[in-house]
Amino acid sequence: MRITDLLKPESIVLGAQPANKQAAIDQLTELMAAAGNLSDKEQYKKDVLAREVQGTTGLGDGIATPHAKSAGVTAAGLAAMTVPAGMDFESMDGKPSRLFFEIAAPDSANDEHLAILSKLATMIMDPEFKEALIAAPTKEDFLKLINKKEAGEFVSHAAAEEAAPAPTADHIQILGVTSCPNGIAHTYMAAESIERTAKKLGLTVKVEKDGSSGAEDVLTAEEIAAADGIIVAADRNVPMNRFDGKRVVIAKVTDGINKPDELIDCALAGQAPVYHAAGGSAESEGAADVQGESLGRQIYKHLMNGVSHMLPFVVGGGILIAIAFLLDDYSIDPKNFGSNTPVAKFFKDIGGAAFGFMLPVLAGFISMSIADRPGLAVGFVGGALAGTTGSGFLGALLAGFVGGYVVNYLKKLTKGMPKTLEGVKPMLIYPFFGILAMGLIMLFIIAPPVSAINSWMIDTLKNMDPSARIFMGIIVGGMMAVDMGGPVNKAAYVTGTGLLASGEFHVMAAVMAGGMVPPIAIALCTTFFKNRFTESEQKAGITNYVMGLAFITEGAIPFAAGDPIRVIPACIAGSATAGALSMAFDCTLRAPHGGIFVVPTIGNPLMYLVAILIGAIVGCAILSVLKKPLQK
């Protein structure tokens, strides 16, 4: 199979002039659909935009590669677009993008398709080839250039002048590992960029590509031991224990594409941090920090690792518990509400078992994110103690971070132990001393003040003045619409679920109301103010009714990404209104998810629906004022 088997003439446009990033993605997706590669165009576009939220695919140097693996793709394919005048695609280097390749891969994409897509990503890193494609006068010429390059018949002057020494098995100077979230394009482009730069410098180089179909060109232990410098340019976890004791430059995959010279210089200068496999993280012994990841970002990543593993237990268990209350008879025994009837008790017992894992899983996976696998048991115990001591969600969150750093400290203390005892560390030393330390810290340091704070917070919320409660609803409801699935949204959601575990149900209701409003508000606006939206946006608006009702706030992301200045403020206003009204109407929610499907379990369900509807109308009205009618 060749690249041109995936790139059809009908999926190419030359000399385009898209107005903005959203328009560029819309146009490329239409080309992809014209080639017959999509079964669900809107789903694919949503996945492409979700990938952009993770980090722009405007790679710099005039290249952009929007892409996604998606359930809306029937067959792997490519769409191409040239914009000779350039356009702002939020590129890494801030320069206009002029050559676009959109990549579509089905969830079940086979290795052959992925290999073809990765080959294209590598080819366009050649500057002369890129310029030749941008200057191609016809689609036929465009395809001929690709065939020529793939056959090895297009040789750039720069490539011909490179004097690259052949890597030798006994000493490869620069080793690298590249990986991106999808493992399709950026992985191979970063590898190509590092290899090309190293060869220009007269260095031997080998890069392991950790792509979607697995690792390629895997580094050997002998190569790692002999290397002068090691670079890991990755946006997802890659095997790191093999680099124990070596200086490793850790960077984002886009740095591998745009800053290979800086990474190589740092790797060879001996300024990179020394990686300790036992700790699962690099401990800095040098001045350079090319990773560029702040402490706040690291803490956020650890927290999200715990939250993402916790949510299935919270959602599944919470909805089952809510069903138990829906099916029970309160008059039988108010103190035993939720378990008075056999059917209700059935749902309550199962949901309670699942919900009971919430705190241990949260703490365990935060700790594991910090300290690798040895941190898991220590964090689990800390989370369990948070539940038994009454320190709740906040206590479990602290336990996760404490557990991870305690285990990392134990790894430092045992670093000098004989190699023959390495197997004893994870099986005996880390769990025994880690759990002991966690128990002491939780029972005597964390639990007393946090339990008191937790009790005070719950009592305050329960006894809060109505006006203050409404203000709380405004805050958490509005937060749900700020970034629609991002850190601010997650902060509000985590607050709601944390209070839910502590027996406070009003905040969770306001959070879900605020999260349901943005897609519904946009759907209403595309229905009643059609002249503000393109035809494709009007069609996408219909699906937002379903997403909003199902509490999938991310349905609003494509509209927010395309016009953030108008869409986001309107959605925040609508969500804040819904959150405030939910509090004012004294609505409660025991399930942390479910949208319209769990409304029957909500306290005061009719007024809850009224709150959401009013919030959506407010958001729709503001958006209709902010967005002007499109010019025909």
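Remember, it's a predicted structure, so these values are computed and weren't measured experimentally.
- When side chains are defined from C-beta on, Arg242 does not count as touching Tyr275, because their heavy atoms never get closer than 4.5 Å.
- By the 4.5 Å heavy-atom criterion applied to side chains, Leu7 and Phe101 are counted as neighbours.
- Checked for salt-bridge contact, Lys209 and Glu195 meet the test: a charged N lies under 4.0 Å from a carboxylate O.
- When all heavy atoms are compared, the tightest approach of Ile3 to Met123 is CD1-SD, 3.3 Å.
- A distance of 9.5 Å separates CD1 of Ile366 from NE2 of His302, quoted to the nearest 0.5 Å.
- Side chains of Glu102 and Thr65: no donor on one and acceptor on the other come within 3.5 Å.
- Using a 4.0 Å cut-off between a side-chain N of Lys or Arg and a carboxylate O of Asp or Glu, Lys149 and Asp126 qualify as a salt bridge.
- Contact between Met480 and Gly515 at its shortest, heavy atoms only, is CB-N, 3.7 Å.
- At a threshold of 4.5 Å between non-hydrogen side-chain atoms, the residues Val253 and Ser179 do not count as touching.
- Of all the heavy atoms in Leu31 and Glu10, the pair that sits closest is CD2-O, 3.7 Å.
- Two residues are said to be in side-chain contact when any heavy atoms from C-beta on lie closer than 4.5 Å; Lys206 and Asp217 meet this criterion.
- Closest of all the heavy-atom pairs between Ile174 and Leu203 is CG1-CD1, 4.0 Å.
- Geometrically, Lys425 does not engage Tyr430 in a cation-pi contact defined by less than 6.0 Å to the ring centre and at most 45° from the axis.
- Nearest heavy-atom pair, Gly256 versus Ile194, reported as atom, atom and distance to 0.1 Å: O-CG1, 3.8 Å.
- When the side-chain contact (heavy atoms from CB on, under 4.5 Å) test is applied to Gln17, no partner is found at least two apart in sequence or on another chain.
- Using modelled atom types and a 3.5 Å distance limit, the side chains of Asp26 and Thr29 yield no donor-acceptor pair.
- Under the 3.5 Å distance criterion, the side-chain polar atoms of Lys148 are left unmatched by any main-chain donor or acceptor of Glu153.
- Looking only at side-chain heavy atoms (C-beta outward), Met81 and Arg98 stay at 4.5 Å or farther from each other.
- For the residue pair Thr197 / Asp261, no side-chain donor-acceptor distance below 3.5 Å is found, with atom types taken as modelled.
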Q. For Leu143 and Ile12, what are the C-alpha separation, side-chain angles and deciding distance, and is it a side-chain contact (heavy atoms from CB on, under 4.5 Å)?
A. CA-CA 9 Å; Leu143 292 170; Ile12 301 172; 3.7 Å; yes
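- At a threshold of 4.5 Å between non-hydrogen side-chain atoms, the residues Val48 and His67 do not count as touching.
- Between Leu28 and Ala79, the shortest heavy-atom contact is O-CB, 3.6 Å.
- Using a 4.5 Å heavy-atom cutoff, the side chains of Thr178 and Glu208 are not in contact.
- Both tests hold for Lys21 against Phe89: distance to the six-membered ring centre under 6.0 Å, angle to the ring axis within 45°.
- In this structure, the side-chain contact (heavy atoms from CB on, under 4.5 Å) partners of Ile572, at least two apart in sequence or on a different chain, are Ala481, Val482, Ile568.
- Residues Leu376 and Ser367 form no side-chain contact, since every pair of their non-hydrogen atoms from C-beta on lies 4.5 Å or further apart.
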